[in-house]
Participant: 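If you scroll down you'll find the structure; I have some questions about it.
Below, read A as the first sequence line, B as the second, and so on, with proteins coming before strands; counting in each chain starts at 1.
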Number of protein chains: 2
Amino acid sequence: MTIDKSFLTGNTTMLILRLLDEKDMYGYQMIEELRKKSNNVFELKAGTLYPLLHTLEKKNMVTSYEDIADNAKVRKYYSITKNGHNCLNEKREEWKTYIAAINEVLGGASFATD
Amino acid sequence: MTIDKSFLTGNTTMLILRLLDEKDMYGYQMIEELRKKSNNVFELKAGTLYPLLHTLEKKNMVTSYEDIADNAKVRKYYSITKNGHNCLNEKREEWKTYIAAINEVLGGASFATD
DNA sequence: CAATTATATATAGATAATCTATATATGTCA
DNA sequence: TGACATATATAGATTATCTATATATAATTG
């Protein structure tokens with residue numbers, strides 16, 4: 001089954017902030033993590049992610065710094081800010097409300113988790 | 001709480017087909033139904049819906065006919081086709097897969113903190 | 001060893017699904 | 001009578017994706 005890519009719209013920021021809420025990561029790593037955690041459902045494109053990270057940095061949701069990864073190579077790491085953490089919590093609440101509404105229309109059971 | 005409108009992207013077609021899968025409706029009625037069923041979460045705009053209905057008709061997902069509503073006024077009713085019904089079932093499956101993937105990422109072993 | 005593929009970051013331009021604004025017409029209510 | 005709700009419609013703006021392209025290094029493969 002191929003997932004309608006437009007489902008993703010609006011969730012990318014929430015997902016990225018969620019990853020960074022666990023640990024600092026660099027861009028390419030986020031793409032791989034999302035792919036793995038979602039069982040290949042999310043295949044976020046580099047051309048989507050890097051501009052988004054720059055925007056999140058401008059909005060003070062994340063900060064970046066250069067550091068050396070396990071393989072001794074320099075990578076651009078991102079770290080979530082207090083502001084970004086608060087935004088994540090808001091987005092999670094919105095997401096819960098949203099899927100409850102969808103399920104209300106679809107007439108099915110709720111798939112929401114806390 | 002204001003819901004991020006971009007969450008809706010990609011779901012509108014599924015929701016409209018779901019409404020029509022229960023009974024024939026006219027455009028304005030769909031907007032009202034979605035608003036009510038979702039407890040005001042969905043406030044679909046006329047400028048979004050009417051062009052979408054025209055597209056769905058071109059794609060043979062729905063058919064339309066003029067009929068007289070309860071209040072004796074002529075309204076443009078839409079009816080789901082077999083094709084539209086099949087599309088709805090596919091979208092529902094995609095939706096399930098998609099939210100399972102989101103919850104996989106969101107649920108990753110942590111609790112929301114402030 | 002050369003060619004290809006994977007890793008890694010970045011930007012420009014295209015695409016698609018919404019939105020707002022506007023138009024038109026009728027009906028209702030204060 | 002003037003504003004607001006119902007009802008349908010289109011044009012143009014906005015926004016979040018995408019693809020294509022660029023660059024550089026590392027790893028793999030023929």
Participant: Could you state the CG-P distance from A:Asp67 to C:dT9, rounded to the nearest angstrom?
Facilitator: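 So the two atoms are 12 Å apart, to the nearest Å.
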Participant: Measure the distance from CE on A:Met30 to C1' on C:dT9 and round it to the nearest whole Å.
Facilitator: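 Going from CE in A:Met30 over to C1' in C:dT9 covers 12 Å.
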Participant: Would you mind reading off the distance between A:Glu33 atom CD and C:dA8 atom C1', rounded to a whole angstrom?
Facilitator: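 Checked: the CD to C1' distance equals 16 Å.
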Participant: Dump the intermediate steps for salt bridge (Lys or Arg N to Asp or Glu O under 4.0 Å) on B:Glu22 and B:Arg18, then the final yes or no.
Facilitator: CA-CA 7 Å; B:Glu22 268 191 0; B:Arg18 174 69 186 104; 3.4 Å; yes
Participant: Just call it for A:Gly47: base, sugar-phosphate, or nothing, with non-hydrogen atoms closer than 4.0 Å on any strand.
Facilitator: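 The residue A:Gly47 makes base contact.
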Participant: Quick one: do the A:Tyr65 and A:Asp24 side chains pair a donor with an acceptor below 3.5 Å?
Facilitator: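 Per modelled atom types, A:Tyr65 and A:Asp24 side chains form a pair under 3.5 Å.
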Participant: May I have the distance from A:Gln29 (atom CD) to C:dA8 (atom P), rounded to whole angstrom?
Facilitator: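 Roughly 8 Å, once rounded to whole Å.
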Participant: Taking atom C1' of C:dA17 as reference, at what distance in whole Å does atom CG of B:Leu15 sit?
Facilitator: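 Interatomic distance, CG of B:Leu15 to C1' of C:dA17: 14 Å.
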Participant: Let me confirm one number: the CG-CG distance from A:Leu17 to B:Leu106, rounded to the nearest 0.5 Å.
Facilitator: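 Answer rounded to 0.5 Å: 11.0 Å.
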Participant: Given D:dA7, is OP1 or OP2 found less than 4.0 Å from the side-chain N or O atoms of B:Tyr26?
Facilitator: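 Yes, such a contact exists.
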Participant: Could you state the CD-P distance from A:Glu32 to C:dT9, rounded to the nearest angstrom?
Facilitator: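 Value for this atom pair: 11 Å.
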Participant: OP1 or OP2 of C:dC19 less than 4.0 angstrom from a side-chain nitrogen or oxygen of B:Thr48, does that happen here?
Facilitator: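 Yes, such a contact exists.
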Participant: Does C:dA21 have OP1 or OP2 sitting under 4.0 Å from an N or O in the side chain of B:Lys45?
Facilitator: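 Result: no.
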Participant: Name the residue closer to the 5' end of DNA chain D, choosing between A:Thr13 and B:Tyr78 according to the nucleotide with the nearest heavy atom.
Facilitator: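 With A:Thr13 and B:Tyr78 compared, the 5'-side residue is B:Tyr78.
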Participant: With respect to the phosphate group of D:dA16, does any side-chain polar atom (N or O) of A:Thr12 fall under 4.0 Å of OP1 or OP2?
Facilitator: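 A:Thr12 to D:dA16 OP1/OP2: no side-chain N or O under 4.0 Å.
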Participant: Working to the nearest 0.5 Å, report the span between CG of B:Asn60 and CG of B:Asn83.
Facilitator: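 Rounded to the nearest 0.5 Å, the CG-CG separation comes to 5.0 Å.
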Participant: From the set C:dT9, D:dA9, D:dT6, return the single nucleotide nearest to any side-chain atom of B:Arg75.
Facilitator: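 Within the option list, the nearest is D:dT6.
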Participant: Between CG of A:Leu56 and OG1 of A:Thr13, what distance do you get to the nearest 0.5 Å?
Facilitator: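 OG1 of A:Thr13 is found 5.0 Å from CG of A:Leu56.
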Participant: Whole-Å distance between D:dA24 C1' and A:Tyr28 OH?
Facilitator: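 About 14 Å, once rounded to whole Å.
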Participant: What is the separation between atom CG on A:Asn11 and atom C1' on D:dA16, rounded to the nearest whole Å?
Facilitator: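 That distance rounds to 12 Å.
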Participant: Any side-chain N or O of A:His54 less than 4.0 Å from the OP1 or OP2 oxygen of C:dT9?
Facilitator: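 For C:dT9, OP1/OP2 do not have a side-chain N/O of A:His54 under 4.0 Å.
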Participant: I want to confirm an ordering. Mapping A:Leu52 and B:Lys73 to their closest nucleotides on DNA chain D, which one lands closer to the 5' end?
Facilitator: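 Between the two, 5'-proximity favours B:Lys73.
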